[in-house]
> 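One structure, pasted below without further comment.
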Amino acid sequence: MAWRRVTNTLVDLIIVLLVVSLGTFLLVNLMGSDPAIAILGEGYPEEEYEKIRIELGYYDPAIVRYFSWLGSVFTGDLGTQMMPPYAPVTERIASALPVSVQLAIMGIGIALLLAIPLAMISAYFAGGRLDRMISAGAFGMLSIPSFLLGLIVIMVFANWLGWFPRAEWVRITDDFGLNLYHALLPALVIALGETATFTRILRNDLIMTLQEDYILAAKAKGMSPLRIMLSDALRPASLSMVTIVGISLGRLIGSTVIVEYLFALPGMGSLVISAASNGDVVTIQGAVMVIAVIYVLTNLLIDFSYGRLDPRIRRAHV
């Protein structure tokens, strides 16, 4: 049964990737950009443009071009970017992806460090003053647009206090400590927004879990509230939050555009925006496909983690 579940899940994920690839291909082709003009620019003879269009299969039916591109994807070839320096798309993604992945992981990590204790306090004092204060703070944080939150963080920590740089980036392979120093501020901007969501979800689930019979039995045995919260309530109450964390991680890798723009970071968001503004459909298709694969794999891992968090789920699939 377990292997059947794994097989069915993998089949579903492959179907999702095929749908995403087809949807991405159709959307970028609806942009109507001429690849010859995108590559050469304006002012060249029409014969030069026609030569490039024919080489790229511009006049082939859309379905032929889709399967040709999909076949190249399965071999690891995402094509060559249509703008100088005409590097392979895989190289551009390999350079940009680590930036976005690091920001997403750091942002979610900081958010969890903040959200878990806040949710535990809020759930323990449910309906009390502390609960209302934490809930109000979470709702207030959710109401602030991400670009405004980023500007506030930059103004306070970079401009006024001067603790962090704003538009500098050092790769982790060059200097680990300096990389963390430069990544902390943009990761904090991401974390603040995610903290509010995580706190609200975990708080509600903890309140429900604390009303379960086995929790009441633990209280009757005289176990301390902290031990009950950490050992008995937190793990089964974290299922919803684990799902949201997985979704957030996949989403953030491709949607850190505002943060990357504010801090001038060379991540996936900046890569896609630059490609879209230049009509570079090859780069867009490759980047979106890679983001979709990461998103699908992340949710696959989240799905299989449920059994570890709640044994009842694992037994239900045996």
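Since this is a predicted model, take the numbers as computed values, not measurements.
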> Could you walk me through whether F198 and L118 pass the side-chain contact (heavy atoms from CB on, under 4.5 Å) test, one step at a time?
CA-CA 10 Å; F198 295 167; L118 287 174; over 6 Å; no
> Answer yes if the side chains of R132 and S122 hold a donor-acceptor pair under 3.5 Å, and no otherwise.
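Per modelled atom types, R132 and S122 side chains form no pair under 3.5 Å.
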> Listed by chain and number, what are the side-chain hydrogen bond (donor to acceptor under 3.5 Å, both in side chains) partners of S270, not counting sequence neighbours?
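With neighbours one apart ignored, the set is E260.
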> Do the side chain of S68 and the main chain of V64 share a donor and acceptor less than 3.5 angstrom apart?
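Not a single qualifying donor-acceptor pair exists.
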> Would you please name every residue forming a side-chain contact (heavy atoms from CB on, under 4.5 Å) with V189, sequence neighbours left out?
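Only V153, V259, F263 meet the side-chain contact (heavy atoms from CB on, under 4.5 Å) criterion with V189.
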> Going by the rule side-chain contact (heavy atoms from CB on, under 4.5 Å), which residues pair with A94 if we only count those two or more places apart in sequence or in a different chain?
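A94: no side-chain contact (heavy atoms from CB on, under 4.5 Å) contacts found.
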> Give me the atom names and distance for the closest heavy-atom approach of A292 to V20.
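Taking every non-hydrogen atom into account, CB-CG1, 3.5 Å.
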> Kindly say whether G140 contributes a backbone atom to a donor-acceptor pair with the side chain of S143 at under 3.5 angstrom?
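Side chain of S143 to backbone of G140: a pair is present.
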> Taking side-chain hydrogen bond (donor to acceptor under 3.5 Å, both in side chains) as the test, write out the residues that go with S72, two or more places apart.
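None.
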> Just to verify, what does L78 make a side-chain contact (heavy atoms from CB on, under 4.5 Å) with, not counting sequence neighbours?
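Residues passing side-chain contact (heavy atoms from CB on, under 4.5 Å) with L78: V73, V89, T90, I93, V290.
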> How about P266 and R171: do any of their side-chain heavy atoms sit closer than 4.5 Å?
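When only atoms from C-beta onward are counted, R171 and P266 do touch, with a gap below 4.5 Å.
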> List for me each residue that meets salt bridge (charged side-chain N to carboxylate O under 4.0 Å, His left out) alongside D131, sequence neighbours excluded, and say none if there are none.
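By the salt bridge (charged side-chain N to carboxylate O under 4.0 Å, His left out) rule, D131 matches R203.
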> Verify side-chain hydrogen bond (donor to acceptor under 3.5 Å, both in side chains) between S248 and E194, making sure each step is shown before the conclusion.
CA-CA 8 Å; S248 297; E194 300 299 319; 3.2 Å; yes
> May I have the step-by-step check of side-chain contact (heavy atoms from CB on, under 4.5 Å) for I134 and R200, ending in yes or no?
CA-CA 9 Å; I134 293 173; R200 293 300 304 164; over 6 Å; no
> Which pairs, with at least one residue in residues 98-140 and sequence neighbours excluded, count as a ring pair (Phe, Tyr, Trp, His ring centres under 6.0 Å)?
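Residue pairs with at least one partner in residues 98-140: there are none.
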> Taking atom types as modelled, find out whether T283 and Q81 have a side-chain donor-acceptor pair closer than 3.5 angstrom.
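No, because no side-chain N or O of T283 sits under 3.5 Å from a partner of the opposite role on Q81.
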> Taking side-chain hydrogen bond (donor to acceptor under 3.5 Å, both in side chains) as the test, write out the residues that go with D205, two or more places apart.
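Only S240 meet the side-chain hydrogen bond (donor to acceptor under 3.5 Å, both in side chains) criterion with D205.
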> Checking R65 now: which residues fulfil side-chain contact (heavy atoms from CB on, under 4.5 Å) with it, not counting sequence neighbours?
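Residues passing side-chain contact (heavy atoms from CB on, under 4.5 Å) with R65: F25, N29, D60, A62.
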> Under the rule for salt bridge (charged side-chain N to carboxylate O under 4.0 Å, His left out), what residues qualify as partners of R92, not counting sequence neighbours?
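Here no residue qualifies.
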> Less than 4.5 Å apart, any side-chain heavy atom of L18 and any of L70?
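Yes, close enough: below the 4.5 Å cut-off.
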> With sequence neighbours excluded, what pairs up with Y181 under the ring-ring contact (aromatic ring centres under 6.0 Å, His included) test?
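F164.
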> Going by the rule side-chain hydrogen bond (donor to acceptor under 3.5 Å, both in side chains), which residues pair with Y66 if we only count those two or more places apart in sequence or in a different chain?
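Applying side-chain hydrogen bond (donor to acceptor under 3.5 Å, both in side chains) to Y66 gives S21.
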> Flag the pair P98 / I172 as yes when at least one side-chain heavy-atom distance between them is below 4.5 Å, and no otherwise.
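Side chain of P98 against side chain of I172, heavy atoms only: no contact under 4.5 Å found.
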